[in-house]
Structure formats: structure tokens, C-alpha cells
Amino acid sequence: MTTRSGSASYDGLGKDGKGHVSTQSGVLSDTQYGFNSRFENGAGTNPEELIAAAHASCFTMALSFALAGAGFSDGKLETTAKVTIDKDGDGFTITKSALDLKATIEGISPEQFETIALDAKENCPVSKVLKAEVTLTHSLNG
């Protein structure tokens, strides 16, 4: 089993607070996030952008391996994911992750490609986690 981690902190509360997010690998290290980067065009990242990048990269890798497993040895895949967050009562809900794929694979039929791509969409780990159980452990004041 492989476990990866990320962490976040938020100093202050609400719109006035400032957050920082880091990843285990160090690719993100105390990267700024907050209200302005999430709901406006402020500097920094935001959870939806990170989910979009994770979904695009996971799906693209899953598709690459599936195509290789089907006997294809060369090609190019480019995926953009657009994650939508909508108002939901007093809060917000992520309502969609739209994958947009541009692919060049020599010798594959459109039907075979669609079958393999749809399977990768359904079965990449990030697609699955968007439907997963979420657990929480917590402590207060320390």
C-alpha cells in the first residue's frame, strides 16, 4: 500500500484568513491559498485547482497504461480537468470534474479508443476518490 500526504494550515478565520498548503514531495511548500485565490483571482492556489490537476494527471496516466496494455506503444495524451464548485445552501459543493482530452494514438480505431478512455475515466483512482468515503480524526487545541 502506498500512502501520500498533504497538509494545510489557515491563520485567521473566514475571508481575512490566510492559508498555506504543502505536499509530502515538497512540490508545494507553504503555497498560499485563501478566499481570494478560491473565489476571486487572487494569488495562490485553491482546493478545486489542486483536485483538477490531480484528476487530469491520474486519468492521463491511467489511460496511458491502459493503451500500453492494449498493445499501443506510442502516442501523446493531453488532458485538462475543470472542477466546478457551486453554491449549495449556506455552503458550496463540488458538482463536476470535466475532463477534456486531446490524444494522438497511431493505429487505434475511434471505437477502441473510446472504450479504453471511458474505462480509464471510471477507474482512475482520483475518479474513484471523488465518490469515496471520507473519514476525519481530530483534536482541539493541539
Side-chain angles (χ1 to χ4, degrees), residues 1-140:
M1 176 186 342
T2 301
T3 301
R4 302 285 184 227
S5 66
S7 61
S9 64
Y10 210 77
D11 296 319
L13 300 176
K15 287 183 181 182
D16 295 329
K18 302 291 180 213
H20 292 90
V21 60
S22 298
T23 58
Q24 176 183 341
S25 68
V27 170
L28 296 178
S29 180
D30 288 326
T31 301
Q32 178 181 328
Y33 80 101
F35 180 85
N36 290 338
S37 65
R38 192 169 194 187
F39 297 106
E40 298 172 353
N41 289 319
T45 191
N46 59 73
E48 292 73 31
E49 175 180 79
L50 297 172
I51 291 169
H55 201 191
S57 61
C58 182
F59 163 75
T60 304
M61 182 181 279
L63 179 55
S64 172
F65 275 76
L67 289 163
F72 298 93
S73 60
D74 192 28
K76 183 171 183 170
L77 305 170
E78 296 179 45
T79 307
T80 300
K82 293 183 179 179
V83 170
T84 302
I85 184 170
D86 287 317
K87 189 82 169 120
D88 184 12
D90 290 338
F92 293 88
T93 298
I94 293 174
T95 56
K96 185 175 188 177
S97 181
L99 297 170
D100 181 33
L101 169 66
K102 291 182 174 78
T104 304
I105 308 295
E106 294 296 321
I108 194 168
S109 72
E111 297 79 17
Q112 184 181 20
F113 181 76
E114 182 175 6
T115 298
I116 294 171
L118 288 174
D119 185 68
K121 175 189 74 87
E122 290 299 317
N123 292 301
C124 87
V126 173
S127 288
K128 289 179 178 181
V129 80
L130 295 175
K131 305 173 210 170
E133 171 187 4
V134 176
T135 63
L136 171 67
T137 59
H138 60 84
S139 65
L140 181 61

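When reading the values below, keep in mind they use all heavy atoms of this one structure, side chains included, and skip hydrogens, waters and symmetry mates.
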**Q** If only atom types and distance count, is the side chain of Ser37 paired as donor or acceptor with the main-chain N or O of Gly34 below 3.5 Å?
**A** yes
**Q** Please list every donor-acceptor pair under 3.5 Å in which a side-chain atom of residues 101-111 meets a protein atom from a residue at least two apart or in another chain.
**A**
unit_1: Ser109; atom_1: OG; unit_2: Gln112; atom_2: N; d: 3.0

**Q** Do Glu48 and Ile94 come close enough that some side-chain heavy atom pair is under 4.5 Å?
**A** yes
**Q** With a 3.5 Å cut-off and no angle check, do the side chains of Thr79 and Thr60 form a donor-acceptor pair?
**A**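 Thr60 and Thr79 do have a side-chain donor-acceptor pair below 3.5 Å.
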**Q** Just wondering, more than 12 heavy atoms not from Phe65 lying within 6.0 Å of its CZ?
**A** no
**Q** Let's go through Thr93 and Ile85 carefully: what are the C-alpha distance in whole Å and the side-chain angles of both, what is the deciding distance for side-chain contact (heavy atoms from CB on, under 4.5 Å) to 0.1 Å, and is it a yes or a no?
**A** CA-CA 6 Å; Thr93 298; Ile85 184 170; over 6 Å; no
**Q** Using atom types as modelled and distance alone, determine if a side-chain donor or acceptor of Asp119 lies under 3.5 Å from a backbone N or O of Thr115.
**A**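 Judged by distance alone, no pair lies under 3.5 Å.
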**Q** Within this structure, what is the CG-CE distance for the pair Leu77 and Met61, rounded to the nearest 0.5 Å?
**A**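 Rounded to the nearest 0.5 Å, the CG-CE separation comes out at 11.5 Å.
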**Q** Give me the atom names and distance for the closest heavy-atom approach of Leu99 to Lys121.
**A**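 Heavy atoms of Leu99 and Lys121 come nearest at CD1-CG, 4.1 Å.
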**Q** Which atom pair, heavy atoms only, marks the closest approach of Gln24 to Arg4?
**A**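 So the two residues come closest at OE1-CA, 3.2 Å.
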**Q** With distance as the sole test, does Ser57 use its side chain to make a donor-acceptor pair with the main-chain N or O of Ala54 at under 3.5 Å?
**A** yes
**Q** Is atom CG of Asp74 surrounded by more than 12 heavy atoms (other residues, nucleotides or ligands) closer than 6.0 Å?
**A** no
**Q** Would you call Asn123 and Lys128 a side-chain contact if the rule is heavy atoms closer than 4.5 Å?
**A** yes
**Q** With no hydrogens and no angle check, is any side-chain donor or acceptor of Asn46 less than 3.5 Å from a backbone partner on Glu49?
**A** yes
**Q** Looking only at side-chain N and O atoms, does His55 offer a donor or acceptor that is under 3.5 Å from a partner on Ser127?
**A**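 Yes, because at least one side-chain N or O of Ser127 sits under 3.5 Å from a partner of the opposite role on His55.
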**Q** Go through Leu130 and Ile51 one step at a time and tell me if the side-chain contact (heavy atoms from CB on, under 4.5 Å) criterion holds.
**A** CA-CA 9 Å; Leu130 295 175; Ile51 291 169; 4.1 Å; yes
**Q** Could you check if a side-chain atom of Arg38 sits within less than 4.5 angstrom of a side-chain atom of Tyr33, using non-hydrogen atoms only?
**A** no
**Q** Would you check if the side chain of Thr84 reaches a backbone N or O of Thr95 as a donor-acceptor pair within less than 3.5 Å?
**A**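 Answer holds: no.
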**Q** Please confirm whether the backbone N or O of Gly44 pairs with a side-chain atom of Gln32, one donor and one acceptor, at under 3.5 Å?
**A** no
**Q** Could you tell me if Lys87 sits above the aromatic ring of Phe92, with its cationic atom closer than 6.0 Å to the ring centre and no more than 45 degrees from the axis?
**A** yes
**Q** Val21 versus Ser7: any side-chain heavy-atom pair under 4.5 Å?
**A** no
**Q** Hey, what do you get for CZ (Phe113) to CG (Leu67), rounding to the nearest 0.5 Å?
**A**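 Taking CZ in Phe113 and CG in Leu67, the distance rounds to 6.0 Å.
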